[in-house]
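Take this structure first; my questions come after.
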Amino acid sequence: MSYPMSSVPLDRAALVAHARDSIARGSRSFAMASKLFDRVTRERAWLLYAWCRTCDDIADGQDHGGTLRGVADGQARLSTIRVLTGAALRGEATGDPAFDGFGVVMRECAIPERYAHDLIEGFALDARDWRPRSEADMLRYCYHVAGAVGCMMAVLMGVDPADRATLNRACDLGLAFQLANIARDISEDEAADRCYLPVEWLVEMDIPPGEHMKPWVRPRLTILARRLADMAAAYEDSARHGTGALPPRAAWAVLAAAGIYGDIAREVARRGDHAWDHRVVTPGRDKLSWVARAALQVRGRARRWPADGVRPAHLWVRPT
């Protein structure tokens with residue numbers, strides 16, 4: 001597949017408008033949290049989101065998410081992502097506002113390009129039908145598809161790219177989000193012939209390959225989903241220890257997003273064997289509740305979550 005390259009870039013306002021529409025369509029949770037940023041940070045977050053969303057859609061053949069279906073031309077799609085991203089990073093017009101906007105935000109915030117390449121490596125894993133064998137493999141995948149985005153968001157919010165401690169906490173929030181996704185989407189992933197549960201976990205539960213959604217193994221699958229939820233909660237708590245390094249409004253947005261998305265993993269655990277009967281979402285009233293709670297948490301965040309707080313025992317070390 002190929003995309004036309006255009007020599008006439010859209011102006012920044014048009015790119016921001018496109019990105020605003022993209023996040024509104026693709027993620028109500030992140031859209032709500034983004035409103036808590038100051039205007040400049042909010043626009044930059046939208047621009048970064050639009051690129052992430054578009055790359056994901058190209059890789060999976062989707063339109064702002066939706067039902068996941070397998071694709072037969074994964075490598076060609078991956079090549080398209082690499083080509084357009086490379087052009088955007090060089091400041092060239094691509095003809096796609098998501099990629100052009102991405103180039104703008106990368107230059108404005110001096111975000112290290114390695115994180116963009118790390119994210120694309122996550123799509124590369126999917127393109128070759130990769131499956132995690134161990135917990136460490138699963139966390140590596142979570143880093144590529146979400147932890148790297150957390151690092152990019154931290155720099156976008158003003159964190160020094162050399163501040164390894166804070167970037168590790170930002171990475172942890174991405175890991176928490178992706179672990180929640182894995183727990184929630186086990187059934188949807190299985191329908192698309194994907195599985196992000198480690199093979200070693202399935203062996204431990206005596207679940208045969210490809211049988212994890214069978215009714216007779218549901219109680220065992222529930223144990224694994226709760227394990228994912230516990231891991232997500234640990235990384236979510238770890239991420240909160242990085243909010244002391246952020247400006248107040250940025251910390252407000254991050255704390256709200258952590259609570260809103262964290263509720264997905266908590267709800268999966270609460271539903272037990274029925275977690276996959278209907279897609280888990282965080283209701284609007286609960287999102288608003290987290291916005292209010294996060295506002296109260298901002299002032300005392302450095303005291304409540306000191307920067308030297310303990311990170312999860314199953315520590316994932318962000319690549320340098």
Side-chain angles (χ1 to χ4, degrees), residues 1-3 5 15 19 22-23 26-27 30 44-65 68-132 137-156 161 167 170-171 173-175 177-179 181-182 185 189 192 194 196 316-320:
M1 61 187 300
S2 62
Y3 276 58
M5 303 288 278
L15 296 174
S22 179
I23 196 170
S27 177
F30 292 145
R44 289 171 171 170
W46 290 344
L47 292 170
L48 181 58
Y49 173 89
W51 172 73
C52 294
R53 177 72 269 168
T54 299
C55 288
D56 201 24
D57 285 346
I58 292 173
D60 292 336
Q62 297 173 291
D63 181 9
H64 289 80
L68 181 63
R69 297 183 176 88
V71 297
D73 56 347
Q75 291 299 328
R77 291 172 178 274
L78 179 63
S79 178
T80 294
I81 293 170
R82 292 191 192 279
V83 168
L84 292 176
T85 298
L89 290 173
R90 293 190 297 272
E92 300 170 5
T94 68
D96 188 310
F99 287 89
D100 291 345
F102 168 71
V104 168
V105 72
M106 291 292 284
R107 290 187 292 276
E108 286 184 355
C109 301
I111 298 173
E113 293 183 6
R114 66 178 180 273
Y115 294 127
H117 297 306
D118 282 348
L119 175 61
I120 294 173
E121 284 307 306
F123 298 128
L125 290 172
D126 281 331
R128 64 174 185 262
D129 195 29
W130 171 90
R131 308 290 173 97
D137 288 342
M138 178 182 67
L139 289 172
R140 178 168 66 92
Y141 176 78
C142 290
Y143 166 74
H144 281 294
V145 300
V149 179
C151 294
M152 296 171 81
M153 278 295 301
V155 177
L156 183 153
L167 291 182
C171 175
L173 188 58
L175 299 184
F177 289 169
Q178 189 60 29
L179 289 166
N181 280 340
I182 291 173
D185 297 340
D189 290 335
R194 291 184 182 179
Y196 299 105
W316 170 252
V317 179
R318 178 182 59 85
T320 55

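The figures here come from the full heavy-atom set of this structure, side chains too, leaving out hydrogens, waters and symmetry mates.
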Could you give me the CA-CA distance, side-chain angles and deciding distance for Leu48 and Cys109, then say whether side-chain contact (heavy atoms from CB on, under 4.5 Å) is met? CA-CA 11 Å; Leu48 181 58; Cys109 301; over 6 Å; no
Rounded to the nearest 0.5 Å, how far does CG of Leu47 lie from CZ of Phe102? 11.0 Å
Salt bridge present between Asp118 and Arg114 (N-O < 4.0 angstrom): no
Treating Arg77 as the side-chain partner and Ile58 as the backbone partner, does any N or O pair qualify as donor plus acceptor under 3.5 Å? yes
Interatomic distance, CG@Leu119 vs SG@Cys52, rounded to 0.5 Å, equals 5.5 Å
Please check this pair: side chain of Asp100 against backbone of Thr94, looking for a donor-acceptor N/O pair closer than 3.5 Å. yes
So how far is it from Leu89 CG to His117 NE2, rounded to the nearest 0.5 Å? 5.5 Å
Return the minimal non-hydrogen interatomic distance between Val155 and Ala110, and the atom names on each side. CG1-O, 4.2 Å
The criterion is side chain to side chain donor-acceptor pair (under 3.5 Å); which residues satisfy it with Ser27, sequence neighbours excluded? none
Can you label the angle between the Phe99 ring and the Trp51 ring as parallel, tilted or perpendicular, going by 30° and 60°? perpendicular
Got Val145 and Tyr196 here, is their nearest side-chain heavy-atom distance under 4.5 Å? no
Looking only at heavy atoms, which two atoms of Leu175 and Leu139 are closest? And how far apart? CD2-O, 3.9 Å
Minimum heavy-atom distance between Ala170 and Gly150, given as atom pair plus value: CB-O, 3.3 Å
Atom CG in Leu125, atom NE2 in His144: separation rounded to 0.5 Å? 6.0 Å
Qualifying residues under salt bridge (Lys or Arg N to Asp or Glu O under 4.0 Å), relative to Glu113, sequence neighbours excluded: none
Please report the interatomic distance SG(Cys151) to CG(Leu156), rounded to the nearest 0.5 Å. 12.5 Å
For Phe123, give me all partners under ring-ring contact (aromatic ring centres under 6.0 Å, His included), at least two apart in sequence or on another chain. none
Please check if the side chain of Thr54 supplies one atom and the backbone of Ala50 the other of a donor-acceptor pair under 3.5 Å. yes
Name all residues meeting the salt bridge (Lys or Arg N to Asp or Glu O under 4.0 Å) criterion together with Asp137; count only those two or more places apart in sequence or in a different chain, and write none if there are none. none
Could you tell me the separation between the CZ atom of Phe30 and the OH atom of Tyr49, rounded to the nearest 0.5 Å? 7.5 Å
Atom of Ala124, atom of Arg82 and distance for their closest heavy-atom approach: CB-NH2, 3.9 Å
Among Asp189, Asp129, Asp126, salt bridge (charged side-chain N to carboxylate O under 4.0 Å, His left out) partner for Arg194: Asp126
By side chain to side chain donor-acceptor pair (under 3.5 Å), Asp185 pairs with (sequence neighbours left out) Arg279
Nearest heavy atoms of Ala116 and Met106, plus distance in Å: CB-CE, 4.5 Å
Determine whether Tyr143 and Cys171 make a side-chain contact, defined as any pair of heavy atoms from C-beta on separated by less than 4.5 Å. yes
Contacts of Arg107 that satisfy salt bridge (Lys or Arg N to Asp or Glu O under 4.0 Å) - sequence neighbours left out: none
